[in-house]
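Note sheet for the following structure.
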Amino acid sequence: MNIETKQQHVETTMRLAPVIPVVIIDDARYAVPMARALVAGGIPAIEVTLRTPAALDAIRAIAAEVEGAVVGVGTVLSARDLHAAEQAGARFAVSPGVSPGLLDAADNSALPLLPGVATAGEAMTLLERGYRHLKFFPAVPAGGAKLLGAWASPLPQLRFCPTGGISLTSAPDFLALPNVLCVGGSWLTPSDKLKSGDWTGIEQLAREAVLLKGVMA
Ligand SMILES: O=C(O)C(=O)C[C@H](O)[C@H](O)COP(=O)(O)O
């Protein structure tokens, strides 16, 4: 699959809802009810980060059992991560930044990558390699909506998913920008709600996030 086709998949995924939840999951048994709650609340794309040993099992379970979910993998740092997530059934991959090794691995993989950047130079390097859809990470510490908005005019080809430090309250500042298609955030799947099995609470957080559509550019 060429980069253009993979980027179209990334764009479709980014346009599914205003927020892509970023999940840190300690127990793969939470994966299916959590994903069902998010989908029921209107949030289909879910990024499960490779930060816990349960992550790959969680991706496998969501891919196999949750109708309507588009499960992705986050915290992808290497070719090995990309390969393992693809085998587990991930449909998109997200990385906090890029390395030459990861980009070469992504070129040779069918799994579409949403790579992270924090500077205009990194964004230009990825544009040269055919990427038009990027994650802006870590969004708030790196300069927030002000910085990202300043890239819209000189880098009009690029669309972003800012992630890192964003909340329901600050999401509208980003979503109102012309170069933002969605935001990422961990606030939809807080660890206390996962641990207590508060799936109704997670569905409610998803419903609130869907309402952010109203502020989008
Ligand atoms: O490791 C990755 O690939 C990531 O995607 C990092 C996450 O984007 C942030 O950890 C988001 O977390 P919050 O700032 O709590 O919303």
Side-chain angles (χ1 to χ4, degrees), residues 10 13-14 16-26 30-31 34-35 38 41 43 45-56 58-59 62 70-86 88 90-99 101-103 105-106 109 111-119 122-123 126 131 133-145 147-148 159-175 177 180-195 201-202 205-206 208-210 212:
V10 170
T13 304
M14 288 168 79
L16 288 173
V19 184
I20 298 180
V22 177
V23 184
I24 297 170
I25 194 153
D26 289 317
Y30 306 152
M34 172 202 73
L38 290 168
I43 301 283
I46 304 165
E47 175 189 335
V48 178
T49 61
L50 291 180
R51 297 196 210 174
T52 56
L56 286 171
I59 291 168
I62 296 169
V70 177
V71 65
V73 57
T75 323
V76 169
L77 305 181
S78 65
R80 200 177 150 169
D81 290 345
L82 205 62
H83 185 67
E86 189 177 3
R91 311 236 318 251
F92 66 97
V94 186
S95 64
V98 286
S99 67
L102 178 61
L103 288 177
S109 166
L111 192 57
L113 176 67
L114 175 66
V117 299
T119 67
E122 291 164 351
L126 286 165
Y131 288 85
H133 297 89
L134 305 175
K135 164 170 155 170
F136 173 48
F137 178 79
V140 173
L147 177 62
L148 190 52
R159 294 293 177 274
F160 293 89
C161 173
T163 308
I166 301 179
S167 64
L168 183 66
T169 319
S170 62
D173 296 342
F174 290 94
L175 290 167
L177 297 174
V180 168
L181 297 184
C182 64
V183 302
S186 62
W187 84 85
L188 276 74
T189 52
S191 64
D192 60 331
K193 288 203 185 333
L194 291 176
K195 286 200 176 89
I202 288 179
L205 290 171
E208 279 172 12
V210 170
L212 289 167

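One is the number of the first residue; the rest follow in order along the sequence. Both counts, for ligands and for their atoms, begin at 1 and track the order of listing.
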At less than 3.5 Å, what protein N or O atoms come close to the N or O atoms of ligand 1? Include the distances to 0.1 Å.
from     : atom 1 : to     : atom 2 : distance (Å)
ligand 1 : 1 (O)  : Arg51  : NH2    : 2.9
ligand 1 : 1 (O)  : Thr75  : OG1    : 2.7
ligand 1 : 3 (O)  : Thr75  : N      : 2.8
ligand 1 : 3 (O)  : Lys135 : NZ     : 3.4
ligand 1 : 5 (O)  : Glu47  : OE2    : 3.1
ligand 1 : 5 (O)  : Lys135 : NZ     : 2.3
ligand 1 : 8 (O)  : Lys135 : NZ     : 3.2
ligand 1 : 10 (O) : Arg51  : NH2    : 2.8
ligand 1 : 14 (O) : Gly165 : N      : 2.6
ligand 1 : 15 (O) : Ser186 : OG     : 2.5
ligand 1 : 16 (O) : Ser186 : N      : 2.9
ligand 1 : 16 (O) : Ser186 : OG     : 3.3

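- For the side-chain hydrogen bond (donor to acceptor under 3.5 Å, both in side chains) test, no residue two or more places apart in sequence or in another chain qualifies with Thr52.
- For Ala90, the side chain to side chain contact (heavy atoms under 4.5 Å, CB included) partners at least two apart in sequence or on another chain are Ile59, Val73, Ala85, Leu111.
- Across all their heavy atoms, Leu114 and His133 have their closest contact at CD1-O, 3.5 Å.
- Among all heavy-atom pairs drawn from Leu38 and Pro21, the shortest one is CD1-CG, 3.9 Å.
- Partners of Thr49 under the side-chain hydrogen bond (donor to acceptor under 3.5 Å, both in side chains) rule, at least two apart in sequence or in another chain, do not exist in this structure.
- Side chain of Ser95 to main chain of Val98: no donor-acceptor pair is present (N/O by atom type, distance under 3.5 Å, no hydrogens or angles).
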